[in-house]
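Here is the naming used below: chain letters follow the sequence lines, and residue numbers restart at 1 for every chain. Since this is a predicted model, take the numbers as computed values, not measurements.
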Amino acid sequence: MTSLFDSDPSPASAAPIILDGRSAPSADDALLAGLNPQQRQAVEYRGSALLIVAGAGSGKTSVLTRRIASLIDRREAWPSQILAITFTNKAATEMRERVQALLGNTADGMWISTFHSACVRILRREAESIGKTANFTIYDSGDTRALIKRIVKDLDADTLGFTVAGVSGKISKLKNELSDVETYARSANLSDPQEVMFLEIFRQYTKALRSANAFDFDDLISETVFLFRAFPRVAALYQRRFRHILVDEYQDTNHAQYSLIRELTMPIAPAIADDLEQQGLHVRALQDAVGVVPGASLTVVGDSDQSIYAFRGADIRNIVEFERDFPGAKVVLLEQNYRSTQNILSAANAVIANNFDRKDKKLWTAVGDGEKIVGFTGYSGHDEAQFVADEIEKLHANGMDYRDIAVFYRTNAQTRALEEIFIRSALPYRIMGGTKFYERAEIKDSMAYLIAVANPDDMLALRRILNTPKRGIGPATETQLGSYAGDNGITFREAMRDAGSLGLGPKVTNAILQLSALLDEAAAKADPTAPAGASPVADVLTFLLDQSGYLEALRSSRDPQDEARAENVEELVAVTKEFARNNPDGGLIDFLTEVSLVAAADEIDDSSGTVSLMTLHTAKGLEYDAVFLTGVEEDLLPHRMSAGEPGGPAEERRLFYVGITRAKKRLFLSLAMTRAQFGETAVAMPSRYLQEIPADLIDWKQSPGSATSRGGTQPRALNARRPGSRWGEETGQRNFGAAALDRPKAEWPNRITATVRDNGDLELAAGDRIRHTDFGDGRVTAVTGEGTKRVAHVQFEKAGTKKLLIKIAPIEKL
DNA sequence: CGGGCGTGTATTTTT
DNA sequence: TACACGCCCG
């Protein structure tokens, strides 16, 4: 990494950062072109604090990027003085691109990143101050859970009713409140054995992280705050550097993130400012009459109606009370919507109006009513999915691109039915998030090898690979290594090197030493200070996978799933190569960091010609021509688990609101009368939120009311239904689910039948040329699988490599 | 120590 | 359904 401060291309003394608000306007009219008065004000206002209340689709990204561009264009700031925080890496990338498009290439040196990435960058640089080293590991929630699980087990805490989920949730909550173990201990009730036990778990967890030289997700933020509070001189480096801080999705910040922003925008005391000046970090031009460097200017953008992360500690008060926190703050309201039709907005407005504790805000548009919202009640989750698939086909036939269509759902479990139907209907789709690539066991294994090389203190990673692949090193041996390390005050890694003195069997001892040597050799390859320089990550990974025998073990396994696992591992190697292309200077640590911080929304590739499937949470910040909001049922939306929590139903309503407002032209709301949950089929009721949408906005293809009584399409029954009444009772069928199941499906009116593609026993072999309806022409490189599950691996001319199920893929042989 | 089999339990959302 | 865990045997 290049130095952040010393070689700053923009010494503050020379920077034209005097904010007198009267800077001569340069030729930046282009930056304001096409903006409405409120947007223009949000771009042009200059002052210490600005809150932009941006309703859904009100052009906030445009405003933010133009605001940044205008600061630079008018010479009020250097790029390096800008810090822009977004929620996802994807949003950060998009913002960077848009700023670059406005300014040309002067966006270099700007920090545009997520809270977590920015904090990692700071922490790697300042690690020594807080007892870590720059190569620390970042533990994701899976790692955290694994660690807590071990501690809970060691302490027999499960007998006291402690669960891994409960403990990790509580620790996360505490960290988001900036409470560490000692702070918590002071307020804990020590006569309660439960509290004492929790404290002990928390202590051991903290200790384990420290000795593993690792941070968990929450630490990344909180430790940065602690760092700034403990070392004002370190904080001053960043306070000096970042003169303009912009935060997107401010309504979703938690207390720790809020505190981080507060720290970054604090003024620098005269004594510390003088120190900086003496170090050659110029601050003179920034200091006021008494020598204080005033705090950075802060711009936050948000919409309290879109706050959907309270469960993760997001505090809506951060945005509601912004004006109190930052006296003199200017507030700009953006209410004109440039995304959706009026019908969609009216539905959204009507729904969100039911949240009582909100500032009234009404979205409006100039584009006209558009088409009505379409409603559909399926007989089952599959039926609903079939409706979705059929409607997508219709939209596609009428010229809409698959990439402009999205399907949303509340829980990941709902993907199953959708996926089955989509495969049968030969619809190209992609699931964002869900069981992520990096959460697969084989990927975690491979990553653990890399982590063990990058951070030898990471005992969790070492334990993971110790017997993967099988080396005959069992739990007993692992425990012995652990206690040997503890007894001698050395790390687990050092204990492995010293395995000869443990008095284990020769076979086991040899296995440990061999692994140890392999890791040492890999570390030498990866070491950037080595004479030959560091090998690319891909080489290190390939070396580890080959020499450890891991890949070979997967390939030669008789478990058929291991073939797919081997392919995934090879895919990871491809990812490392891709990484090297995009980051020529990136080392192993950089790769591990990037992988740790990818989010579900980051995977979205706008250029792929597929329908996107995702949870409502992932959908935030995105927009699509057509949106299918599925599973609009009680116990799903609002989710059953939210019922007990204070503010739960209101947050679920906001989630529904977020989903609705993603749609530009067409919105489809669907639900099912029965839904499969854990194998069983349960009766589902329409969501209470459906009744909040004015009836004339929805065109029910099959309404919840009519679906039970056959025929009739008026949604009257839905609106008349009293809360608490059950569908089954209307028709006198208490046991509705079971009775309905016996009925032939065809009895339901308007049921849309699918055309299932079937290529029969189309014979394909490597070398054949084929044509795909979406991907175009390509050449078959291989055929794997048997019978109906035969898969063609195809290299397309335009669309890259794809794997296609031969029986159902929309392809023809040329 | 490894693998196989049987039972029990779990699904909210995620940086 | 499906996965994780514990138990048992080779």
Side-chain angles (χ1 to χ4, degrees), chain A residues 85-92 113-120 138-142 144-146 149 153 158 163-165 168-169 172 175-176 215-222 249 252-254 256-257 307-314 408-417 420 432-436 438-439 441 467-478 504-505 507-508 511 557-559 561 596-602 614-621 631 635-645 648 651-652 654-656 658-659 675-682:
Chain A
I85 304 277
T86 60
F87 208 66
T88 62
N89 295 301
K90 177 169 198 286
S113 70
T114 62
F115 269 107
H116 291 83
S117 309
C119 286
V120 169
I138 302 162
Y139 280 4
D140 67 19
S141 26
T144 296
R145 252 181 283 128
K149 191 174 184 176
K153 204 178 240 172
D158 45 346
T163 62
V164 174
S168 68
S172 171
K175 288 187 176 183
N176 286 334
F215 289 117
D216 67 21
F217 266 137
D218 303 310
D219 284 336
L220 296 178
I221 315 291
S222 60
E249 308 282 13
D252 283 323
T253 50
N254 60 34
Q257 291 163 333
S307 164
I308 54 174
Y309 283 103
F311 72 92
R312 194 169 83 185
F408 301 155
Y409 38 82
R410 178 63 176 81
T411 68
N412 282 306
Q414 288 168 252
T415 52
R416 192 141 303 163
E420 278 174 30
M432 318 325 300
T435 32
K436 281 187 251 124
Y438 293 105
E439 281 168 16
N467 199 31
T468 316
K470 303 272 177 275
R471 299 187 174 88
I473 309 174
T477 312
E478 188 184 318
L504 298 161
K507 240 174 123 177
V508 180
S557 159
R558 56 190 187 83
D559 182 342
Q561 294 203 345
S596 307
L597 299 178
V598 291
D602 298 338
M614 68 191 84
T615 65
L616 285 164
H617 284 88
T618 305
K620 195 176 67 158
D635 289 346
L636 210 48
L637 189 68
H639 197 276
R640 188 189 287 110
M641 293 297 148
S642 72
E645 321 207 335
E651 173 144 323
E652 297 284 309
R654 288 194 292 270
L655 201 48
F656 187 46
V658 165
R675 193 165 289 278
Q677 53 173 13
F678 19 34
E680 291 297 286
T681 304

Could you go through nucleotides 4-8 of chain B and list every protein N or O atom that sits under 3.5 Å from one of its N or O atoms, giving the distance for each pair?
| from | atom 1 | to | atom 2 | distance (Å) |
| --- | --- | --- | --- | --- |
| B/dG4 | OP1 | A/Arg558 | NH2 | 2.5 |

Under 3.5 Å donor-acceptor, A/Glu420 side chain and A/Ala417 backbone: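 A pair under 3.5 Å: no.
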Mind checking if A/Asn467 touches a base, just sugar-phosphate, or nothing, with heavy atoms under 4.0 Å?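 If one applies the 4.0 Å heavy-atom cut-off, A/Asn467 turns out to touch the sugar-phosphate alone, with no base involved.
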In this structure, how many angstroms lie between the C1' atom of B/dT14 and the CG atom of A/Leu597, rounded?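 For the pair A/Leu597 CG and B/dT14 C1', the rounded distance is 13 Å.
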Look at the aromatic rings of A/His116 and A/Phe217 and report parallel, tilted or perpendicular, splitting at 30° and 60°.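 Ring orientation, 0 to 90° scale: perpendicular.
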d(CG, A/Asp218; P, B/dT14) in whole Å: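 Distance check: A/Asp218 CG to B/dT14 P gives 16 Å.
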Whichever of A/Val508 and A/Ser141 has its nearest DNA chain B nucleotide further upstream toward 5':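 The answer here is A/Val508.
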Between C1' on B/dT14 and CG on A/Leu220, what's the gap in Å once rounded to a whole number?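 Whole-Å distance recorded here is 14 Å.
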Under-4.0 Å salt bridge between A/Asp216 and A/Lys175: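 Salt bridge flag = yes for A/Lys175 with A/Asp216.
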What's the shortest heavy-atom distance between A/Ala92 and A/Ser113, and which atoms?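 Nearest pair, atom of A/Ala92 first, then A/Ser113: CB-CA, 4.0 Å.
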Most 5' of A/Phe115 and A/Ile473 on DNA chain B, judged by nearest nucleotide: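 The residue closer to the strand's 5' end, by nearest nucleotide, is A/Ile473.
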Over how many whole Å does the gap from A/Met614 atom CE to B/dT15 atom P extend?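 Value for this atom pair: 13 Å.
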Sticking with atom P, work out how far B/dT13 lies from C/dA4, rounded to a whole angstrom.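 That atom pair is separated by 16 Å.
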Separation of A/Asn176 atom CG from B/dT14 atom P, in whole Å?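 Distance check: A/Asn176 CG to B/dT14 P gives 16 Å.
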For a quick test of reading the model, state the closest non-hydrogen atom pair linking A/Glu249 to A/Gly621 and the distance between them.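 Smallest interatomic distance, heavy atoms only, reads OE2-CA, 4.4 Å.
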Name all residues meeting the side-chain contact (heavy atoms from CB on, under 4.5 Å) criterion together with A/Thr415; count only those two or more places apart in sequence or in a different chain, and write none if there are none.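 Expected list: A/Tyr409, A/Ile431.
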For nucleotides 9-13 of chain B, which of its nitrogen or oxygen atoms have a protein nitrogen or oxygen under 3.5 Å away, and what is each distance?
| from | atom 1 | to | atom 2 | distance (Å) |
| --- | --- | --- | --- | --- |
| B/dT12 | O4' | A/His639 | NE2 | 3.3 |
| B/dT12 | O2 | A/Arg410 | NH1 | 3.2 |
| B/dT12 | O2 | A/Arg410 | NH2 | 2.2 |
| B/dT12 | O4 | A/Glu645 | OE2 | 3.3 |
| B/dT13 | OP1 | A/Asn412 | N | 3.0 |
| B/dT13 | OP1 | A/Asn412 | ND2 | 3.0 |
| B/dT13 | O4' | A/Arg410 | NH1 | 3.1 |
| B/dT13 | O2 | A/Arg410 | NH2 | 3.2 |
| B/dT13 | O2 | A/His617 | NE2 | 3.4 |

Under-4.0 Å side-chain N/O to phosphate OP1/OP2 contact, A/Asn89 with B/dT15: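 No, no such contact exists.
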Contact between A/Asn254 and A/Arg312 at the side-chain level, heavy atoms closer than 4.5 Å - yes or no?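 SC-SC contact between A/Asn254 and A/Arg312 ruled out.
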Value in whole Å for how far the P atom of B/dT15 lies from CD of A/Glu249: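 To the nearest whole Å, that distance equals 13 Å.
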Rounded to whole Å, how long is the line connecting atom CD1 of A/Ile221 with atom P of B/dT14?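 About 18 Å, once rounded to whole Å.
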Are the side chain of A/Arg410 and the backbone N or O of A/Leu637 linked by a donor-acceptor pair below 3.5 Å?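 No, because the side chain of A/Arg410 does not come within donor-acceptor range (under 3.5 Å) of the backbone of A/Leu637.
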Mind checking A/Ala676 for me? I need base, sugar-phosphate or nothing, with any heavy atom below 4.0 Å counting as a touch.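 No contact.
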Where A/Ser642 and A/Glu652 come nearest, the two heavy atoms and their spacing: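 Taking A/Ser642 first and A/Glu652 second, the nearest heavy atoms are OG-CG, 3.3 Å.
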Side chains of A/Phe311 and A/Met641: does their closest heavy-atom pair fall under 4.5 Å?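 Side chain of A/Phe311 against side chain of A/Met641, heavy atoms only: no contact under 4.5 Å found.
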Under-4.0 Å side-chain N/O to phosphate OP1/OP2 contact, A/Thr477 with B/dC1: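 Yes, because at least one side-chain N or O of A/Thr477 sits under 4.0 Å from OP1 or OP2 of B/dC1.
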Measure the distance from CZ on A/Arg145 to P on C/dA4 and round it to the nearest whole Å.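 Taking CZ of A/Arg145 and P of C/dA4, I get 10 Å after rounding.
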